[in-house]
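Everything below concerns the one structure shown next.
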Amino acid sequence: MIESSISLSEIFTIKNIIIYLIVINLIGFYIMWSDKRRAKWGKWRIPENTLLLITIIGGGIGTIAGMYTFRHKTKKLKFTVGLPAIFILEVILVIYFKLM
C-alpha cells in the first residue's frame, strides 16, 4: 500500500491562494449580480448573511465591486460600511501575520 501525505505548505502555496482569491471574488461579484437580478424580478433572494460570508472568506473585492457596479445594497449601511471594513481588516491581518 502506497501512502502519500501532503503537508499544509504544499496546499497553501502562493499559486493556490491566488487561484482561491480569484475564484471567491468572481463568486462574490456574481452573487451580487444575481441577487440584484432576483430583487428586480421579485424572486427568492440570497440571504444578506451569505453575501457577508462571501466577503469574510476572501471575496471582498468582488462583492464591493458588484455592489457598486449593480447599485445593489448601496443604501444599506451594513454593506456600504461593513464590506469595506471587513476587507480592510483582512488586509491588515494578512500584513500583520506576514510580518510576524
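Just so we're clear, the structure is a prediction, and the values are computed from it rather than from any experiment.
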| request: Determine whether I22 and I27 fall in the same hydrophobic cluster, where Ile, Leu, Val, Met, Phe, Trp and Tyr are linked whenever their side-chain heavy atoms lie under 4.5 Å apart. | output: no

| said: Side-chain heavy atoms nearer than 4.5 Å, only ILVMFWY residues, links allowed to pass through others: does that put L26 and I24 together? | reply: no

| task | Measure the NZ-CH2 distance between K36 and W41 for me, rounded to the nearest 0.5 Å. | result | 13.0 Å

| message | Distance check, rounded to the nearest 0.5 Å: H72 atom NE2 versus R38 atom CZ? | response | 10.5 Å

Atom [atom1] of [X] with >12 non-hydrogen neighbours under 6.0 angstrom:
| X | atom1 | value |
| --- | --- | --- |
| Y68 | OH | yes |
| F70 | CZ | yes |
| I11 | CD1 | yes |
| R71 | CZ | no |

Heavy atoms only: give me the nearest [X]-[Y] pair and the separation to one decimal.
| X | Y | value |
| --- | --- | --- |
| K78 | L52 | CE-CD1, 3.6 Å |
| K73 | L51 | CE-CD1, 3.8 Å |
| I31 | I54 | CD1-CG1, 3.4 Å |

| Side-chain cluster (under 4.5 Å, hydrophobic types only) that L77 belongs to, other residues | V81

| message | Using a 4.5 Å cut-off between side-chain heavy atoms of Ile, Leu, Val, Met, Phe, Trp and Tyr, which other residues end up in the same hydrophobic cluster as I92? | response | I88

Using modelled atom types and a 3.5 Å cut-off, is there a donor and acceptor pairing between side-chain atoms of [X] and backbone atoms of [Y]?
| X | Y | result |
| --- | --- | --- |
| T13 | E10 | no |
| N25 | G58 | yes |
| D35 | I46 | yes |
| S34 | Y30 | no |

| query | Could you walk me through whether F29 and T69 pass the side chain to side chain contact (heavy atoms under 4.5 Å, CB included) check? | reply | CA-CA 9 Å; F29 190 80; T69 300; 3.7 Å; yes

| So, do E48 and F79 sit near enough that their side-chain heavy atoms are less than 4.5 Å apart? | yes

| query | Looking at side-chain heavy atoms only, is the closest gap between N16 and Y20 below 4.5 Å? | reply | no

| field | F87/L83 under side chain to side chain contact (heavy atoms under 4.5 Å, CB included): CA gap, chis, key distance, verdict | value | CA-CA 6 Å; F87 177 68; L83 297 185; over 6 Å; no

| remark: The residue among N49, T55, I57 that forms side-chain contact (heavy atoms from CB on, under 4.5 Å) with L53 is I57

| When I86 is tested against each of I64, V91, I56 for side-chain contact (heavy atoms from CB on, under 4.5 Å), which residue passes? | I56

